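In what follows, a single structure is set out as structure tokens and then discussed.
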Amino acid sequence: MKYVNVYIQNNIAKIDRLYTYKLPENMELKPGMRVQVPFGKGDRNRVGLVISIEEEYKLEYDLKEIIKVLDYEPILSEDLLELGFWMKEKYLTKYNQSFSPLLPPGDIKVIQKIAVIKEEYVPKEDEVAFFKELEKNKYNLSFVDDNLQYGKLVRDLINSSVLSIEYKVETQISAKILKAVKLKEDYLSRISKGNLKLTEKQLKVVEFLQDKGEVLRSELLKELEISDSPIKSLETKGILEILDREIIREPYEEVAATKLNTLNMEQIKAFRGILNSKKTVSLLHGLTGSGKTEIYLKVSEEIIKEGGQVIVLVPEIGLTPQMIERFMGRFSGRVSVLHSKLSSGERYDQWQKTKNGEVDIVIGARSAVFAPLNRLKLIIVDEEHDSSYRFHNALRYDTVEVAEKRMELLEGKLLLGSATPDIITYYKAEKGLYDLFELKQRAVVGARLPDIKIVDMKKELIKGNTSIFSELLRKHMAEKLEKKEQIILFLNRRGFSNFVSCRSCGHVIKCDNCDISMTYHKNTNILRCHYCGSTKKMVSRCPECGSKFIKQFGVGTQQVEEEVKRIFPRAKVLRMDRDTTVQKNSYDEIYNKVKNREVDILIGTQMLAKGLDFENVTLVGVIAADLSLYISDYRANETTFELLTQVSGRAGRSQKGGDVVIQSYNPDNYSIVYASNTDYENFYKRELKIREQYNYPPFSKLINVNFSSEDERYIDEVASDVLLDIVKSVGGYKLEYTRIIRMLRIKNIFKSKFTLKVDPDYIKELTESIKGVLIKNKDKIEKYNIYVDVEFI
DNA sequence: TCTAGATGGCAT
DNA sequence: TGCCATCTAGAA
């Protein structure tokens, strides 16, 4: 007798584990196949994924049997299964968190029971109603479940072999549904008959709809800058109706073939080096515009020639159209693009195509690292420093680490590319763990580096200029508008939090222990460090210079937009941020508008920093370079350097050259200065020293242990028990830890956390300890309904 | 999360 | 005693 361990997809912490079933003697099964199993008290049918098959079963438990095998071939290859286990161990996640991303898109647990009727069967008189119903439901038997009479009839029909049941596993393809708004046909008569008085806003809505007919609700809200309530009240008055509209997403179009570019000497050296490297990981460090993409293409070509397959990861697929175009052009017909705007159905098709070996290259965002390619030999991670690859709330793994592991398992190569590599990555390359290749020339002959100037905003304030634009930036803007050249204004609000800064001297209130800016909590009027939990009273005067112009900082893109419109009323302005690009194709629209010069000034956040190449953009203005300096994160300087470098790269993509104006209250900050000189090496050296001084990564590894619950009472008690146990269980190595920090309550969920800091060489041991301690405290955690998660940051 | 089965109140 | 609403533990 054999025993099968099965993973059943769900996101309920309480039942997140593997389940063991007996394997019937005559059943053939391999790990990675899906099976149908009885589950729960009612033995409901569920789909499970076979994780492993064992010869013995030791525990006393009355095991159930597997009902049916659903696949002929494993849908998950061995390396992916192993990767799943590896992630689970490394990141201490739930099964669901480490196995779900591996599975085909859609919901594997939905099983349809389809009736198959013997062809020649003629229904008896009392069965006619049932057969009609059956036809109406397209032979799907789900309607029988709540009808006792039919249940008996179905059993009888099965016994007399008239009816047999076919189980169909369907990936749940949920169409994208958005709300649309439309005037009711008789709205005019309703208004006149009911003698209704409409408010100003309601009137605006009616007029808009008279003009446009049917409009998406989100569009209406945005266009008229109103809230939902006028629409709601119009609906209750019976003047308009709100409808569900299905949005159909278009898959990626084919593009024209791109021609081969010849490589310069530097590129050839890197290309050969990467191919011949004996190490799993190569880091390609090259300026923006130094031709990294060309090397990606060449290396991919070689790998494919040898019968391999390639995955290309990009930070956000919608933002890198040029990269995709070039791959599609070069490897026409053999590329699958996992676009974030694909519908689930299209996504599923792409998955199938990949699994069937119909493509050589998969391009996609982070989750494409699990693409089911059978001959995978190369993974390319473009802009490897990008934070979307790294461990965070929604992503319980580090994409680069996973890619490295997968390439180790398959004996392939991982190629990391960036103009501003992650400090940790560069450190590893420097230590010789990765091979390093540098590109220092620009690939396009004649393209000049932009002229970058830093403006001290404190001096502007002394001069009496309280506007958000410095004189220099305003002057440049006027010039470029005159010349009909285009301008990008950038506001790096990434990770924006409420830090407190002095407008006179630029001083920012930082934590005494952590060198990290403190967060202002408005309701309690205190400053708190989100790293160690220590607090300070909010100040009314700057502790540095005594000025009373000290307050929490915050400028929004909307504010910038208003100011631009005020100063340059005739300029055509477009704003691009999360709010304006949620709509389908809105990114492409903005892209095309800028490309066709329908826009003079483009205002936006970090989305602008990535991959936008426009010849006619000759001025980039950074409104407040400081904003990203004070996010409560040890990476603040790194993030600032990255953003400034990337956004500066948007100016002067052609022979026209360009200007960059960086406004800052801290013009001497090293990340700003080095970014303005495009000097990665020196930035790296300086940053590394500081990291060493404060023992931040790469010299340590940080782990957050989070406790959340709807019930406030026991969280801190349990958290401190766990912390104490972890500290007790540590042997032979040094562990730093913070106190227990109470976080802001979000959606009525209370959350507390503590942070552990450990030598990276002992991360495995510490992970094991945490795992052990969590198992030890399991009863307590479950009793008080506390959810624990571990973040490796 | 889902639901079989236990529990207990209440009408008959 | 039967019936239903509500609660609760367990999922292999």
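Lettering follows sequence order; numbering is per chain, from 1. Keep in mind that what you see is a predicted model, and the values were worked out from it rather than measured.
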For atom [atom1] of [X] and atom [atom2] of [N], their distance in whole Å:
X      : N      : atom1 : atom2 : result
A:E54  : C:dA12 : CD    : P     : 18 Å
A:I51  : C:dA12 : CD1   : P     : 17 Å
A:N45  : C:dA12 : CG    : P     : 12 Å
A:D16  : C:dG10 : CG    : C1'   : 15 Å
A:E782 : C:dG10 : CD    : P     : 12 Å
A:K783 : C:dA9  : NZ    : P     : 13 Å
A:K22  : C:dA12 : NZ    : C1'   : 11 Å
A:I12  : C:dA11 : CD1   : P     : 14 Å

message = With a 4.0 Å limit, can you tell me whether A:Y61 has a side-chain N or O closer than that to the phosphate oxygens OP1/OP2 of C:dA11?
response =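 Looking at the OP1 and OP2 atoms of C:dA11, one of them is under 4.0 Å from a side-chain N or O of A:Y61.
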query = Step by step, would you call A:F39 with A:Y21 a ring-ring contact (aromatic ring centres under 6.0 Å, His included)?
reply = CA-CA 10 Å; A:F39 189 75; A:Y21 287 87; 7.6 Å; no
ask   = Of A:Y714, A:F750, A:F754, A:Y787, which is the lone residue that meets ring pair (Phe, Tyr, Trp, His ring centres under 6.0 Å) with A:F707?
value = A:F754
inquiry  = Here's one to test your reading of the geometry: is the NZ or CZ of A:K88 within 45 degrees of the ring axis of A:Y95 and under 6.0 Å from its centre?
reply    = yes
ask   = How would you give the extent of chain A contacts on DNA chain B, as first and last nucleotide 5' to 3' within a 4.0 Å heavy-atom cut-off?
value = B:dT1 to B:dA4
note = Per nearest nucleotide of DNA chain C, the residue lying toward the 5' end, A:Y19 or A:K41, is A:K41
ask   = Closest approach of A:T399 and A:Y389, non-hydrogen atoms and distance?
value = OG1-O, 2.7 Å
Ion pair A:K771/A:E89, N-O distance below 4.0 Å =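 Yes.
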query = Is the closest basic N to carboxylate O distance between A:K94 and A:D789 below 4.0 Å?
reply =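 No, this pair does not count.
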